[in-house]
Asks: 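Below is a structure I'd like to ask you about.
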Amino acid sequence: MAIELPKTFDPSQAQKKWLAVWEQRGYFHSDPDPHRQPFSIVIPPPNVTGALHMGHALNNTLQDVLIRWRRMQGYNALWIPGTDHAGIATQSVVERLIFTHEKKTRHDLGRAELVKRIWAWKDKYEARILEQLQALGASCDWRRTRFTLDPVCARAVRETFFRMFRAGYIYRGQRLVNWDTQLQTSVADDETYTEETPGSFWTFRYPVDGQPGVFIAFSTTRPETMLGDTALCVHPADERYKHLIGQHVIQPHTGRKIPIIADGLLADPTLGTGCVKVTPAHDPNDYACWQRHPEIGIINILNPDGTINDNGGEYRGMDRYKAREAVTHKMQELGLYVGQEQRIIPLKFSDRSKTPIEPYLSDQWFVKMSDRDDGQPGLAQMTMDAVTTGRVKFFPERYARSYLDWLAEKRDWCISRQLWWGHQIPVWYKTEQQPPEVFRMVAEPTPRALQPFLRTRPGIAISWQNKPHRAADDFNVDFVVCLAPGNDDIEAALEADGFTRDPDVLDTWFSSALWPHSTLGWPGPTLPENRPDRTPADWEKLRQYYPTSTLVTSRDIITLWVARMVLMGLYNVGEIPFHHVYIHPKILDGFGETMSKTKGNGVDPLDIIEIYGTDALRYGIVKIATETQDARLPVSNICPHCGQDVPVKQEHMYMRTKKLACPACKKEFRPGGPWPTDDPERPTAKQGSDRFEEGRNFANKLWNAARFLLLNLEGYRPAPVDPAALPTEDRWLLSRLATTTQAVTAALEAYKFSDVARLIYEFVWSEFCDWYIEMSKGRLKDDTTRPVAQRVLAGAFDGILRLVHPVMPFVSESLWEALGQAAPQRGLPAPTPAEEAACIARWPSYPQQWISPPVETRFARMQHLVRGVREIRNRYQVEEKIKLDVRVKCSDAVAADFNALAAFIGPLAGIATLTAGPQITKPRQSGTLITAEFEAYVPLAGLIDPVAEAKRLEKQLADKRKALENTQNKLRNEKFVANAPAEVVQQQREFVAEIEKQIALLEENLKDLQSN
RNA sequence: GGGCGUGUAACUCAGUGGUGAGAGUGCCUCCCUUACAAGGAGGAAGUCAGGGGUUCGAAUCCCUUCACGCCCACCA
């Protein structure tokens, strides 16, 4: 009995069913297995407070395609999921929420309470994002889900910090950081954005000391920083100022005498007055200048909240912008004001608080990236070498350049953040004052509290201040102690002895950088041997799955994340973290802009899943993941009344358009966007994109192909087939199947995802469905040909399901089950019992000998003819009932090929009779000619308009003659004949012969037409 | 300013030296034929951004102009 499927594929039902089955059968679990080769990926951990967006959908779909494919290939495939605590992002979200609801700041709550609140928040949103990943079909080993703050990861972070500290790679220094005065934290460069802002450009002058009436002028956009000036600077070769170098000027607000120095790097004689004020504590360039001229000194004038500190004298306590006015006013009073002009000034803002950034001198922890004092390569160099030697490979290759260029600067990595949410820095010291600048680990002297532990514990490192130079601030620290994890008793002893722990937390990227090995349970070498959390199983996991196989990520974190993972992997494990880095494109809206909630141009993957199904989403994503291009995804508002797609226009973005009328149902709705409140008048549209229709349709096409098979597999008996003995159409199918399988496999190996989707789609739709299934219909009706046709159909479709599975797991799994009922044993050339699920089925591979160009050529000729007849039928609206007589003239060899497929031409082209042979029957009646690689004549007496047909043929003739002339000219060109590859020349000759024949036939045909 | 990338049909994109440039969507014509109207058959539609060069031959390689995007640096 035949199995009957519903007419259309229902994605939501399939998703629900298979997610549960896969999970319950544990298909995605992976454990160390010495007999299988591992293939491992660690997920780029999404921010725990984030919701799934298209970027995640893209990133994770591509990883899942790789993992499912390798799993099917028999690898021990492990995909580790997890989430990131994302320090600033998360803390500021929760802080803002608490402030909105309770009007309390973090200082009102206190550290412990705030952290507790964030954990509660995290638990909720972590569950949500993991569910969303599961909804994508992500075949992660969910048992191994990690969080960057969980105990396993925390242990790795502590270990790493400790080892780097002990080795002298981590130091405390004063540096200019981007200071967010509202959040009172430093923010990384990537957490800032620059905006062109209207501002003023002032010019002032300072009086030269001891030379009344002599002034020197300079310009600034931030007058308040004059309070922190420690020098004026000119170019050493600038004739205007040469004589003043070494003299002093008086800073009028503070009365300080400051030097005029020469620095060719800082001062540019062509800009402004050619003289520049130097404020080392509040400008990065000036800071660099101070490092070259430390004698000028450095003065910090700001408090963390952006007010002027004690160094600002009478301006103390004033907000920096108030101080700007006051300082300027004072200069005017003193007659030192020269001028002011309005300018558009690029101003840096904090991404989190949207307030202007202040360059601020602050105490921070750093990882030293430069080469070592002994000349040995440092961390940056080591990290670069991993790529230059080819141990880590980028796909596409060009992204290696971003990585190398950035690392080549060897800039030290600031790893401390003034936050409460994150890994607290495991360093203790004994003062409320800020600790010193540079530490180096030493054995002695030793704080008393540590004495009892020193002999027995390896996890203690002590540093002291060893550099005599002090910056503006005064320190009073004797010892700094860093502890490895697992030394709670020492921590307690230190704290009892008056030590306090550094309040800062580590940069999120510090823990993310450990992700490939921390998720695998890297135990670290300093943990005491007898600890229960250091087990042989940890090492076994690491040994099996590390280095991981491929990292799949986006290009904007190549430096922040990829480079640091390589660094930490090499430093901690002594081995690269991954062999391949695949950088995928970014998804943009229809106008080429990045998607964001504020713009209102985003697409919610969950909406796409709801409307089109997960498989359609995945297919669409794989299809647009090309090598070079970012993917544009035009967005539509989906009418909440009738479901019509209404394309988003740029004026709809940023909530500029408040209502839209649906062109289909005329009802009004509000376009999608981050609207703060509901609109009582009209519903808000969801946003979608019709780009996913292709995938939905493809899933349905597969579904219906299976439906056809199942209706026709009655009486199916598995048996081997002999490819050599199969009829031409079967050998064509096997040739195409083998070619496609090979090409898909190669595309996956090269991370050419778009090709994967295209290849599968073309084979399934344009070849298997459009031609093979149609051709099989006749064969299935005949009892003698039916059994073989069934075997080939079942066997080929089995292969198709395997090929489709990594991209579209749900529809393929559903059909695998259905096909399993009708044909539990199937396959080509010999049947085998089908695996119990598509997701653990073996990835296909077929014999090279199946690929047969002659068979494909033969088949292509037949397709040409069929298409030609169809075109004629269509052009002249030939009624189905009318019999057509197609006569074919060709060589005997082609005729033999042709006859092999002749039986299909009638049904496929919709004609009744067909005669094929080496001769064309004369005389011609009014008719038309199909010019494929052979000649076919379709008599159409009485059906065609001779004038129109003649016109058409004349146009064809003209085209052909032109092509002939071009090609003949080419062949007359000696250089072409001499230089072009022989096969190309041969091809051209054949083309000439062919086209000459076609022209002759067309001419003959035209004559016939005209004589009638 | 430096680096990387992009510009091909109305739209989104394939196509890195070799016959007349492709796909999906959209558009036009015909068809609800027992797998599929989320479908079938056919059709129209492109000076491959502009200019110059290399070559027997260029969408493809080189130079250049224009437009757009991203990253980095800088802007007293």
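Residue numbering restarts at 1 for every chain, and letters A, B, ... go by the order of the sequence lines.
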Asks: Between B:G51 and B:A67, how far apart are the two C1' atoms, rounded to whole Å?
Replies: 15 Å

Asks: If I take atom CD1 in residue A:Ile558 and atom C1' in nucleotide B:C70, what distance separates them, rounded to the nearest angstrom?
Replies: 11 Å

Asks: Check the distance between B:G5's P and A:Asp556's CG and give it to me in whole angstrom.
Replies: 17 Å

Asks: Only counting residues at least two apart or in another chain, list the ones meeting side-chain contact (heavy atoms from CB on, under 4.5 Å) with A:Arg240.
Replies: A:Asp238, A:Pro269

Asks: Mind checking A:Asp770 for me? I need base, sugar-phosphate or nothing, with any heavy atom below 4.0 Å counting as a touch.
Replies: sugar-phosphate

Asks: Which whole-number value in Å describes the distance from A:Glu974 CD to B:U55 C1'?
Replies: 17 Å

Asks: For A:Trp703 and A:Pro6, indicate whether the former's side chain and the latter's backbone hold a donor-acceptor pair under 3.5 Å.
Replies: yes

Asks: Would you say A:Asp589's side chain and A:Met595's backbone share a donor-acceptor pair under 3.5 angstrom?
Replies: no

Asks: In dot-bracket notation, what is the pairing pattern of RNA chain B, taking Watson-Crick (N1-N3 plus N6-O4 or O6-N4) and G-U wobble (N1-O2 and O6-N3) contacts under 3.5 Å, with [ ] crossing and | for other strands?
Replies: ((((((((.[[[[.)..(...]]]].(((((.......))))).....[[[[[..)....]]]]])))))))....

Asks: Could you run through nucleotides 12-20 of chain B and give me one letter per nucleotide, 5' to 3': B if any protein heavy atom sits under 4.0 Å from the base, S if only the sugar-phosphate is that close, - if neither?
Replies: SSS---BBB

Asks: Quote, to the nearest angstrom, the C1' distance that separates B:C71 from B:U16.
Replies: 25 Å

Asks: Does the side chain of A:Lys777 get closer than 4.0 angstrom to OP1 or OP2 of B:A35 through an N or O atom?
Replies: yes

Asks: When you measure from the side chain of A:Asp615 to the backbone of A:Phe810, do you find a donor-acceptor pair of N or O atoms at a distance under 3.5 Å?
Replies: yes

Asks: If I pick the C1' atom on B:C72 and the same atom on B:A38, what distance separates them, to the nearest angstrom?
Replies: 47 Å

Asks: Please report, rounded to the nearest Å, how far the P atom of B:G39 is from the CZ atom of A:Arg707.
Replies: 15 Å

Asks: When you match A:Ile773 and A:Pro11 each to their closest nucleotide on RNA chain B, which lands nearer the 5' end?
Replies: A:Ile773

Asks: Tell me if a side-chain donor or acceptor on A:Arg707 pairs with a main-chain N or O of A:Leu5 at a distance below 3.5 Å.
Replies: yes

Asks: Work out which heavy atom in A:Asp286 is nearest to a heavy atom in A:Thr279; give both atom names and the distance.
Replies: OD2-N, 2.7 Å

Asks: Does the A:Arg618 side chain pair with the main chain of A:Val807, one donor and one acceptor, at a distance under 3.5 Å?
Replies: yes

Asks: Counting side-chain heavy atoms from CB outward, which of B:A38, B:C72, B:A35 is closest to A:Glu409?
Replies: B:C72

Asks: Roughly how many Å is it from CD1 in A:Ile557 to C1' in B:C72, rounded to a whole number?
Replies: 17 Å

Asks: Run the salt-bridge test on A:Lys777 and A:Glu774 with the 4.0 Å N-O cut-off and return the result as yes or no.
Replies: yes

Asks: Take A:Asp10 and A:Thr8 through the test side-chain hydrogen bond (donor to acceptor under 3.5 Å, both in side chains) and record every step on the way to the result.
Replies: CA-CA 6 Å; A:Asp10 175 2; A:Thr8 52; over 6 Å; no

Asks: Between A:Phe768 and A:Tyr772, how do the two ring planes meet: parallel, tilted or perpendicular, split at 30° and 60°?
Replies: parallel

Asks: Counting any heavy atom closer than 4.0 Å, what does A:Asn973 reach on the DNA or RNA strands: base, sugar-phosphate only, or nothing?
Replies: sugar-phosphate

Asks: Can you tell me how far P in B:C13 sits from the matching atom in B:C28, rounded to whole Å?
Replies: 24 Å

Asks: Would you say the ring centers of A:Phe394 and A:Tyr399 fall short of 6.0 Å from each other?
Replies: no

Asks: Backbone N or O of A:His282 within a donor-acceptor pair of the A:Arg222 side chain at under 3.5 Å?
Replies: yes

Asks: Without swapping roles, check the side chain of A:Gln251 against the backbone of A:Met226 for a donor-acceptor pair under 3.5 Å.
Replies: yes

Asks: Which value, in whole Å, describes the distance between the C1' atoms of nucleotides B:U6 and B:U12?
Replies: 14 Å

Asks: B:U34 phosphate, OP1 or OP2: any side-chain N/O from A:Lys7 under 4.0 angstrom?
Replies: no

Asks: With a 4.0 Å cutoff (strictly under), does any side-chain N or O of A:Arg873 reach OP1 or OP2 of B:G40?
Replies: no

Asks: For the P atoms, the ones on B:G43 and on B:G69, what distance do you get once it is rounded to whole angstrom?
Replies: 40 Å

Asks: Using a heavy-atom cut-off of 4.0 Å across all strands, would you classify A:Arg222 as base, sugar-phosphate, or nothing?
Replies: nothing

Asks: What contact category does A:Cys275 fall into here, base, sugar-phosphate, or nothing, at under 4.0 angstrom with non-hydrogen atoms?
Replies: base

Asks: Taking CD1 from A:Ile760 and C1' from B:A23, how many angstroms apart are they, rounded to a whole number?
Replies: 16 Å

Asks: Shorter than 3.5 Å, N or O on both sides, protein versus nucleotides 26-29 of chain B: list them out with atom names.
Replies:
none

Asks: Determine whether a donor-acceptor pair (N or O, by modelled atom type, separation under 3.5 Å) exists between the side chain of A:Ser754 and the backbone of A:Lys623.
Replies: yes

Asks: Give me the residues of residues 396-406 of chain A where at least one heavy atom lies under 4.0 Å from an atom of RNA chain B, by number, or none.
Replies: A:Arg398, A:Arg401

Asks: Between atom CH2 in A:Trp703 and atom P in B:G39, what is the gap in whole Å?
Replies: 16 Å

Asks: Heavy-atom nearest nucleotide on RNA chain B for A:Phe768 versus A:Phe201: which residue maps closer to 5'?
Replies: A:Phe768

Asks: Could you list the residues that satisfy side-chain contact (heavy atoms from CB on, under 4.5 Å) with A:Thr221, not counting sequence neighbours?
Replies: A:Phe201, A:Ile345

Asks: Would you find a donor on one side and an acceptor on the other, under 3.5 Å apart, between the side chain of A:Thr273 and the backbone of A:Ala217?
Replies: yes

Asks: Phosphate oxygens OP1/OP2 of B:G39: is one of them under 4.0 Å from a side-chain N or O of A:Asn700?
Replies: no

Asks: If you measure from the C1' atom in B:A41 to the same atom in B:C56, how many Å do you get, rounded?
Replies: 42 Å

Asks: How far, in whole Å, is B:U25 from B:A37 if one measures between their P atoms?
Replies: 15 Å

Asks: Rounded to the nearest angstrom, tell me the gap between atom CH2 in A:Trp771 and atom P in B:G40.
Replies: 13 Å

Asks: Scan A:Lys752 against the nucleic acid and name what it touches under 4.0 Å (heavy atoms): base, sugar-phosphate only, or nothing.
Replies: nothing

Asks: Taking any heavy-atom pair under 4.0 Å as a contact, classify A:Lys701: base, sugar-phosphate, or nothing.
Replies: base

Asks: Once you apply a heavy-atom cut-off of 4.0 Å, does A:Trp765 come out as touching a base, just sugar-phosphate, or nothing?
Replies: sugar-phosphate

Asks: Are a donor atom and an acceptor atom from the side chains of A:Gln342 and A:Ser200 found within less than 3.5 Å of each other?
Replies: yes

